[in-house]
Amino acid sequence: MDRGASNTRPRIVAAACRLFYKTGFMRTGSDAIAIAVGIAKRTLYQHFDGKSALVDAVLADQHAPMLARIQDWAQPGGSGPAELLTKLFAACEQWATQSH
């Protein structure tokens, strides 16, 4: 894997996303994220002002794929809005119970 500077920010976001999902936002420290990426904590802070900026970046990174997933799940078809909502919530439940 290329570990160049241009690749560092996306690697930090990806590692933070994995750790946030595994242990939660509050229980994931910057030390753990830096170790997971293989960088110094100082390097992490050169890319993000703080943990809240990193959380913002993770959420922004996940927004488009999740929105596309929801739009796919919510495709019309069936007898009406109630069936659409039932289908949407069933798909959300299935996604939430999978390991990511």
Side-chain angles (χ1 to χ4, degrees):
M1 174 185 292
D2 177 25
R3 294 189 173 254
S6 65
N7 197 13
T8 302
R9 186 179 176 93
R11 289 189 308 116
I12 293 170
V13 171
C17 184
R18 285 190 306 273
L19 289 169
F20 290 157
Y21 273 106
K22 182 178 179 182
T23 60
F25 292 114
M26 298 300 292
R27 293 177 44 198
T28 302
S30 54
D31 287 327
I33 295 166
I35 290 168
V37 179
I39 59 172
K41 194 170 164 182
R42 180 177 179 187
T43 303
L44 189 148
Y45 285 111
Q46 288 174 339
H47 289 273
F48 297 97
D49 291 336
K51 188 174 173 184
S52 63
L54 181 53
V55 169
D56 289 347
V58 168
L59 293 175
D61 187 63
Q62 294 299 305
H63 175 77
M66 193 65 213
L67 183 59
R69 210 175 275 126
I70 291 169
Q71 287 172 334
D72 184 50
W73 295 337
Q75 290 299 314
S79 61
E83 186 176 332
L84 177 64
L85 283 173
T86 300
K87 182 178 133 186
L88 178 62
F89 282 111
C92 286
E93 178 184 25
Q94 181 182 6
W95 175 83
T97 57
Q98 296 172 354
S99 75
H100 311 265

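Side chains are part of it too, since the values below use all heavy atoms of this structure and drop only hydrogens, waters and symmetry mates. One-based numbering along the sequence shown.
- Annotation: side-chain hydrogen bond (donor to acceptor under 3.5 Å, both in side chains) contacts of Thr86 (sequence neighbours excluded): none.
- Screening residues 64-73 for salt bridge (charged side-chain N to carboxylate O under 4.0 Å, His left out), with sequence neighbours left out, gives no hits.
- When all heavy atoms are compared, the tightest approach of Ala15 to Ala36 is CB-CB, 4.1 Å.
- No chain of hydrophobic side-chain contacts below 4.5 Å, direct or via other Ile, Leu, Val, Met, Phe, Trp or Tyr residues, connects Ile70 to Leu84.
- Listed by chain and number, the residues in a ring pair (Phe, Tyr, Trp, His ring centres under 6.0 Å) with Phe25 are Phe20 (sequence neighbours excluded).
- The two residues Ala32 and Leu19 have their closest heavy-atom pair at O-CD1, 3.7 Å.
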Assess the residue pair Leu54 and Ile33 against the criterion (side chain to side chain contact (heavy atoms under 4.5 Å, CB included)); give the C-alpha distance rounded to whole Å, side-chain angles, the decisive distance to 0.1 Å, and a yes or no. CA-CA 10 Å; Leu54 181 53; Ile33 295 166; 3.5 Å; yes
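- Considering only residues two or more places apart in sequence or on other chains, Ile35 meets the side-chain contact (heavy atoms from CB on, under 4.5 Å) condition with none of them.
- Residue pairs meeting the side chain to side chain donor-acceptor pair (under 3.5 Å) criterion with at least one member in residues 28-41, sequence neighbours excluded: Thr23-Thr28, Ser30-Tyr45, Asp31-Lys41.
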Using side chain to side chain contact (heavy atoms under 4.5 Å, CB included), reason through Ile39 and His47 one step at a time and then give a plain yes or no. CA-CA 11 Å; Ile39 59 172; His47 289 273; 5.8 Å; no
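- Annotation: the span from Met66 atom CE to Gln71 atom CD amounts to 11.0 Å, rounded to 0.5 Å.
- Between Lys51 atom NZ and Met26 atom CE the span is 6.0 Å, to the nearest 0.5 Å.
- Listed here is the closest heavy atom pair of Ala34 and Leu44: N-CD1, 3.9 Å.
- Partners of Phe48 under the ring pair (Phe, Tyr, Trp, His ring centres under 6.0 Å) rule, at least two apart in sequence or in another chain, do not exist in this structure.
- The structure places CG of Asn7 at 10.0 Å from CD1 of Ile12, a figure rounded to the nearest 0.5 Å.
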